[in-house]
Trainee: 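Sharing a structure, written as structure tokens. Questions coming.
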There are 2 protein chains.
Amino acid sequence: MPHSAKPPALNPRRNLAGEVLLALRAEIISGHLQPGDALAEPVLAKQFGSSRAPVREALIELEREGLVQFELTGRTKVRTLTEQDFDEIRDARVALESMAARRASATWAPEDSTCLEQNIARQAKASTLAELSRLDVEFHEYVMRLAANTRLLTLWQSIRWQFEMCLASTHRLQQTLACRPHQITVSSHRHLLTALASGKPEVAAQKMALHIESSMEWSPSEISTADHLTGLATETHRR
Amino acid sequence: MPHSAKPPALNPRRNLAGEVLLALRAEIISGHLQPGDALAEPVLAKQFGSSRAPVREALIELEREGLVQFELTGRTKVRTLTEQDFDEIRDARVALESMAARRASATWAPEDSTCLEQNIARQAKASTLAELSRLDVEFHEYVMRLAANTRLLTLWQSIRWQFEMCLASTHRLQQTLACRPHQITVSSHRHLLTALASGKPEVAAQKMALHIESSMEWSPSEISTADHLTGLATETHRR
DNA sequence: GAGATCTAAAGTGTCGACACTTCGAGTCAA
DNA sequence: TTGACTCGAAGTGTCGACACTTTAGATCTC
């Protein structure tokens with residue numbers, strides 16, 4: 001999906017830390033690094049063939065993104081997401097994305113609908129749950145960019161990776177419960193798109209909130225990155 | 001004002017970088033460091049009697065808080081806030097704080113009203129506009145903490161310093177236009193508190209949005225940290 | 001065998017150094 | 001006078017080193 005006109009480039013610093021960040025984030029999201037795993041600076045530095053400085057910078061960013069946790073002892077671990085974290089992320093998303101939907105719908109253009117329809121079409125054909133999650137996040141990022149508010153976008157981006165982990169977990173849970181995640185996701189986004197394109201900001205905002213509430217209604221008792229790989233499901237279910 | 005039960009301690013790392021961060025932030029907020037001023041790591045390191053590492057860490061955090069800007073050349077400057085930034089911050093606040101008000105009002109306790117009433121009483125007696133701004137921010141931080149959502153709180157804290165700069169600028173503009181900033185602020189927060197304590201989450205959320213919209217209605221053409229000190233006013237006024 | 005104690009290994013916080021890049025005052029040519 | 005050029009000065013990105021702290025296995029005691 002092509003992105004909105006506005007390029008991000010919020011932090012123009014281009015350095016080794018950025019590459020380490022990307023690599024570490026990918027390993028956490030993919031589940032290669034699991035919750036609780038230790039992230040020692042010297043070990044990672046050797047692994048990436050760099051010194052500790054860029055690694056340290058990347059870890060600080062990952063902590064801000066909520067994927068990593070600094071212990072009181074100073075050590076760093078991959079963070080474990082609990083059900084409460086799941087709820088918190090849902091509320092934060094509702095807050096940020098409802099406002100974004102409100103602003104985006106005020107300046108909605110036909111090509112925006114085209115872009116998002118293409119995204120939904122690809123959702124329907126997604127071959128893996130990971131791909132479905134990625135497309136889902138991309139849909140929402142597009143709306144966030146349309147809002148043309150760098151603050152809102154930056155805030156959203158700082159929770160987007162936690163959000164992506166939650167999403168994958170939700171999709172997987174839906175599948176084990178014999179709901180069709182593709183079908184649910186596609187249908188939900190189609191309804192949302194109608195509201196976004198309606199030209200009614202308040203309707204768009206409200207529908208976005210409902211969309212997020214419903215899409216994150218299925219909350220596993222613990223969101224583990226390992227779920228991505230193992231396919232094991234926790235049977236717990238809220239409400 | 002006593003803070004809510006929950007301590008923050010989101011990042012338990014206690015190091016020199018934290019002290020440098022506090023000092024630099026204070027200098028920017030106070031206007032001692034002005035927009036556009038260069039922030040060179042070796043210069044600051046010598047100033048703080050430290051090496052560059054802690055300074056670098058602090059600058060990265062300040063960039064995340066929006067008080068500092070990394071140029072494409074790699075240099076670092078104190079950021080200039082424009083009218084568009086002002087609008088962005090207002091929308092971001094409405095998004096985050098409306099949700100916080102919704103959640104906070106659901107678990108409202110009498111002592112919360114007492115705390116905030118004390119804050120309002122101090123607003124009325126604030127001797128300087130800077131103190132009025134500080135109390136205003138404290139009021140809103142209290143509500144954010146009551147929401148008991150660390151994501152929401154963290155996101156809010158990452159824009160709170162920009163917000164404080166905007167607020168001070170607004171108050172000053174109100175004063176030059178012969179509106180009484182104390183009176184406006186006190187009255188507005190009193191109405192908001194009533195809504196928060198009403199036990200109706202949706203009313204609380206809506207009133208919070210209206211409160212923020214009205215409190216940030218007066219937008220100077222450029223929000224300069226220098227305003228704090230010089231007292232010079234830009235006469236531009238939106239709407 | 002269980003618990004307390006010791007100790008080497010490993011980790012963080014901080015530092016100064018070096019290479020490369022960017023800036024800006026001074027110089028030179030038109 | 002103005003514009004391009006030069007070349008130190010200053011700044012960033014990165015590195016390896018050291019001191020102090022925490023960890024975890026080994027040892028000792030009861």
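Only this structure's heavy atoms are used, side chains among them; waters, hydrogens and symmetry mates stay out. Throughout, a chain's letter reflects where its sequence line sits, starting with A, and its residues are numbered from 1.
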Trainee: Under a plain distance cut-off of 3.5 Å, with no hydrogens placed, do A:N119 and A:H189 share a side-chain donor-acceptor pair?
Mentor: no
Trainee: Please report, rounded to the nearest Å, how far the P atom of C:dA9 is from the CD atom of A:E41.
Mentor: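 After rounding, the gap between these two atoms is 21 Å.
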Trainee: Let me know the distance between CD1 of B:I60 and C1' of D:dG13, rounded to the nearest Å.
Mentor: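 To the nearest whole Å, that distance equals 11 Å.
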Trainee: Salt bridge or not for B:K77 and B:E71, using N-O below 4.0 Å?
Mentor: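 No salt bridge links B:K77 with B:E71.
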Trainee: A:L59 has an atom CG; how far is it from atom P of C:dT12, in whole Å?
Mentor: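 Those two atoms, CG and P, are 8 Å apart.
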Trainee: Looking at every strand, decide which applies to B:L39 at a 4.0 Å heavy-atom threshold: base, sugar-phosphate, or nothing.
Mentor: sugar-phosphate
Trainee: Send over the distance from B:F70 CZ to D:dG13 P, rounded to a whole Å.
Mentor: 8 Å
Trainee: Output the single nucleotide from D:dT12, C:dT12, C:dC23 whose closest atom is nearest the side chain of A:R75.
Mentor: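 Closest nucleotide to the A:R75 side chain: C:dT12.
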Trainee: Does any donor atom in the side chain of A:S127 or A:E131 lie under 3.5 Å from an acceptor atom in the other side chain?
Mentor: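 Note: A:S127 and A:E131 side chains meet the donor-acceptor criterion.
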Trainee: Rounded to the nearest angstrom, tell me the gap between atom CZ in B:F48 and atom P in C:dG13.
Mentor: 19 Å
Trainee: Atom pairs, N/O to N/O, protein against nucleotides 14-16 of chain D, distance under 3.5 Å?
Mentor:
from: D:dT14; atom 1: OP1; to: A:L16; atom 2: N; distance (Å): 2.7
from: D:dT14; atom 1: OP2; to: A:L16; atom 2: N; distance (Å): 3.4
from: D:dC15; atom 1: OP2; to: A:S51; atom 2: N; distance (Å): 2.6
from: D:dC15; atom 1: OP2; to: A:S51; atom 2: OG; distance (Å): 2.8

Trainee: So that I can tick it off, tell me whether B:R90 and B:E213 are bridged by a salt bridge, with the cut-off set at under 4.0 angstrom between side-chain N and carboxylate O.
Mentor: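 Here B:E213 pairs with B:R90 in a salt bridge, since their nearest N and O are under 4.0 Å apart.
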Trainee: For B:R160 and B:E141, run salt bridge (Lys or Arg N to Asp or Glu O under 4.0 Å): C-alpha distance rounded to whole Å, both residues' side-chain angles, the deciding distance at 0.1 Å, then the answer.
Mentor: CA-CA 9 Å; B:R160 81 160 268 174; B:E141 180 165 13; 2.4 Å; yes
Trainee: Is there a donor-acceptor contact under 3.5 Å linking the side chains of A:T76 and A:Q69?
Mentor: no
Trainee: May I have the distance from A:K77 (atom NZ) to C:dG11 (atom P), rounded to whole angstrom?
Mentor: 11 Å
